[in-house]
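Take a look at the structure set out below.
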Amino acid sequence: MPVLSVIVPFHNVEKYIGPCLDSITAQTLDDLEVICVDDGSGDEGAAAVEARMAQDPRIKLLSQDNHGVGHARNVGVRHATGTYLAFVDGDDTVPRDAFKRMVSSLETTGSDLACGNVMRLYRNLLIPSWAHRQAFAKPAKRTHITRHPLLVRDRMLWNKVYRRSFWDRLGLSFPERMYEDQPVAMAAHVGAESVDVLARVVYHWRQRDEQNASITQRRLEPANLRDRLLSVTQTAELLARCAPGLKTDFDRDTLDIDMTVAVEAMAAMGEDAEPDLVDLAARYLDGVSREAWLSIPFEHRLMVHLLHRRRLGELSRVYAEARQGRLLPKVGSSGWLRKRWYGRHPAMPGHLSEVSEELGLQARLVSLDWHDGVLHGAGRVAVGRFDVGDLRRARVRTWLRERGTGDTVVLSENDSFPTWEDVEQEDGVRAPEHAFPFRFAFDPEVMSRGQLARHGQWDLHVRVKGGGLRLECRVAGPRWLPPLIPAPRRTSGVWLVPVRSAKGAWGIRVRTAQAVIGDCRVDGGDLLLSGRLTDLGDGEPVLRLRRKSDGEEMYFPVELDGQKFSACVPLAGIDECVGHESWWEVMIDQGRPLRPIVRSRQRTITTVDERRFLIDRSEDGCLLLAER
């Protein structure tokens, strides 16, 4: 009898089932059986399994008509003979030591199940799974979901090893529908006497490229939504019955995730939505506490409320307004000693209107440039996605704060009155914004010698104070939209470099430079660079591109003429984008990396071979190449 039975249901994943099985058979725990269940595949996936069966007798293949992954998993469990159970989806992979770590933990502690951290696998890039990051930040032995409530987010089946005797004692089995893993995973967590939590990554969850290839990608289909809501309702009833202290935590996540999908789908269907679907959503929402309702943003809360009250026509209209950025409820306050803030919308009842914990600033620049040695900027600061007209006026202050020391340089402080303006979004659509305008000026002469000598990073902040409201934030904005990042200025032997982070936050970097790029432009699909080196060094320089997400590097030749240099980067030859965006840092390497400051003011967005590139500056003023 093997120590571990690994059940692998698969359906039309010919492209992935081979790597999946290879990752399982390469495990450091080799006393295992692999039970593959072909759920009526129409491709050559079964042939790929058979090819590996010929090489590894631990692999078995069962076949059935297409009954769904739940049925396939139940079939696999019936044929499993191991002391422990694990489940792997046919398009995912498992790190080499994952099963040994989980089984060893269970052998040591006697717990009923062990679970571990997860990474999303997109092409060849691994990204932390947001759903698992907090719950698995620290290891814990012999804990339980009631003592570690973040595990309420751990609703997937496959990052776990289960003791088979525990599985049978609880009588666990899968519903024969989509989203079948959530109620089973939660029943296991609640029913276990103890659980081992591993901070190490034990599963690679693939994000697939193919159109409509996964259940998640088909989430808006009525049948998909019905199964999702059935699982949500079943899990909610389980928690209300067996672990009521976890219900609010579960509802917070469900309102945020599952009800977001339900709102989008129901808004598209409108009055034509199937009554049983609406009933399922309303049945779940009937049991949600006010505390959970208030945990989601006002805009989303309003739409979920309309769904709950079956006002589908109104939901469709409100959803469209929100998508266009035109749902901007007024915000007002009440109380004296403990002022509370409320969003105002005719469809929202008073007991669900509070937004005190939701209010926050969103500040952006609309212009930034040097004039006569002084950096002048103008921007707008909004109080979230609300109409702040009832505040009438506020005191707006801007300042620079140095990281590490906390030193500040005040730039401006003035009264401001909110105004309406249509603002361009990243998708090119313009949406209304109700915000306070502000202006500031930064004169480098106000910085002391000590401040300049520290070569620090100074972040741009803004504060709004008025009508009992006092909020502050960093000034930021979409990276791919204006304004341009101004060129650096040299003063007192250092460079003052206006910078913008990858997330769009503005600031000033003080630094020196051993290389300066004076000209940076795109010509015929090539990125052309030229500048000057202050130290030629001993090695032959090359241009090095380093991808920030995974450290991948590319190299291009550099031509020297004395201290002058030039280089050419064919943009079509850059490695393909990984994920939504790829960011490449550009350095000159001559045995040691030099990070050249870019003096050119030009900021280019260009398309080469249907690939969209942004040539910009990094947080230290160096060249940054991005692809989206």
Side-chain angles (χ1 to χ4, degrees), residues 363-365 367-379 397-413 438-463 472-477 479 483-520 529 531-535 546 548 563 583 585-588 592-603 615-624:
R364 62 182 179 86
L365 292 184
S367 66
L368 186 68
D369 211 349
W370 297 97
H371 299 288
D372 299 325
V374 176
L375 186 64
H376 291 268
R397 184 182 193 186
T398 62
W399 70 96
L400 291 169
R401 177 184 293 155
E402 187 179 26
R403 296 181 189 176
T405 69
D407 276 8
T408 61
V409 173
V410 176
L411 303 179
S412 67
E413 185 165 10
F438 64 87
R439 293 183 176 273
F440 64 85
F442 166 62
D443 187 346
E445 296 296 324
V446 304
M447 300 189 77
S448 69
R449 288 189 176 183
Q451 289 171 334
L452 293 173
R454 286 198 295 264
H455 297 171
Q457 173 85 43
W458 296 73
D459 299 318
L460 180 60
H461 292 257
V462 62
R463 183 178 71 200
E472 66 178 64
C473 71
R474 289 185 63 184
V475 179
R479 182 64 187 254
L484 300 176
I485 303 176
R489 305 276 294 198
R490 189 168 174 82
T491 182
S492 302
V494 296
W495 290 94
L496 294 178
V497 187
V499 293
R500 196 178 192 181
S501 74
K503 294 184 178 180
W506 291 91
I508 298 286
R509 178 71 184 269
V510 183
R511 59 164 294 191
T512 57
Q514 295 170 302
V516 177
I517 295 174
D519 184 42
C520 173
L529 314 172
R532 179 178 294 272
L533 298 173
T534 59
D535 180 5
R546 181 180 182 276
K548 297 182 71 173
Q563 289 185 301
W583 296 86
E585 297 177 297
V586 181
M587 294 168 278
I588 295 176
R592 58 192 178 96
L594 303 180
R595 302 178 64 82
I597 280 180
V598 184
R599 290 197 66 184
S600 169
R601 188 175 183 274
Q602 183 175 6
R603 173 179 179 270
I615 293 89
D616 212 341
R617 290 191 183 88
S618 66
E619 286 193 71
D620 58 1
C622 299
L623 185 60
L624 196 65

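The cationic group of Arg489 lies under 6.0 Å from the six-membered ring centre of Trp370 and within 45° of the ring axis, placing it in a cation-pi geometry.
Interatomic distance, Cys622 SG to Asp616 CG, rounded to the nearest 0.5 Å: 12.0 Å. Expressed to the nearest 0.5 Å, how far CZ of Arg463 lies from OG1 of Thr398 amounts to 10.5 Å. The CH2 atom of Trp495 sits 10.0 Å away from atom CZ of Arg511, with the distance rounded to the nearest 0.5 Å. In this structure, the separation between CG on Leu529 and CD1 on Ile517 is 5.0 Å, given to the nearest 0.5 Å. To the nearest 0.5 Å, atom CG of residue Leu411 and atom NE2 of residue His376 are 11.5 Å apart. In this structure, SG in Cys520 is found 14.0 Å from CZ in Arg599, a value given to the nearest 0.5 Å.
Side chains of Leu594 and Gln514 form a contact here, defined as non-hydrogen atoms less than 4.5 Å apart. Counting only heavy atoms from C-beta outward, the side chains of Leu460 and Leu400 approach each other to under 4.5 Å.
When atom types are taken as modelled, the side chain of Gln563 and the backbone of Leu533 share a donor-acceptor pair closer than 3.5 angstrom. Judged by distance alone, the side chain of Ser618 and the main-chain N or O of Leu623 form no donor-acceptor pair under 3.5 Å.
A side chain to side chain contact (heavy atoms under 4.5 Å, CB included) with Trp458 holds for exactly one of Arg403, Arg401, Met447; it is Met447.
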### Task
Go through the steps for Glu585 and Arg595 under the test salt bridge (Lys or Arg N to Asp or Glu O under 4.0 Å), then give the verdict.
CA-CA 9 Å; Glu585 297 177 297; Arg595 302 178 64 82; 3.2 Å; yes

### Task
Decide side-chain contact (heavy atoms from CB on, under 4.5 Å) for Val462 and Cys473; before the verdict, give the C-alpha distance in whole Å, the side-chain angles of both, and the deciding distance to 0.1 Å.
CA-CA 6 Å; Val462 62; Cys473 71; 3.8 Å; yes

### Task
Go through Arg509 and Leu496 one step at a time and tell me if the side-chain contact (heavy atoms from CB on, under 4.5 Å) criterion holds.
CA-CA 6 Å; Arg509 178 71 184 269; Leu496 294 178; over 6 Å; no

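The nearest pair of heavy atoms linking Pro486 to Trp506 is CD-CZ3, 4.5 Å. Closest non-hydrogen pair, Pro488 versus Val598, comes out as CD-O, 3.1 Å. Residues Pro483 and Leu368 come closest through the heavy atom pair CB-N, 4.2 Å. Of all heavy-atom pairs between Arg474 and Asp459, the closest is NH2-OD1, 2.9 Å. Scanning all heavy atoms of the two residues, the minimum distance from Pro498 to Ile485 falls at O-CG2, 3.1 Å. Nearest heavy-atom pair across Phe440 and Ala378 is CE2-N, 4.4 Å.
Looking at residues two or more places apart in sequence or on another chain, you find a side chain to side chain donor-acceptor pair (under 3.5 Å) between Glu402 and Thr405, Arg454.
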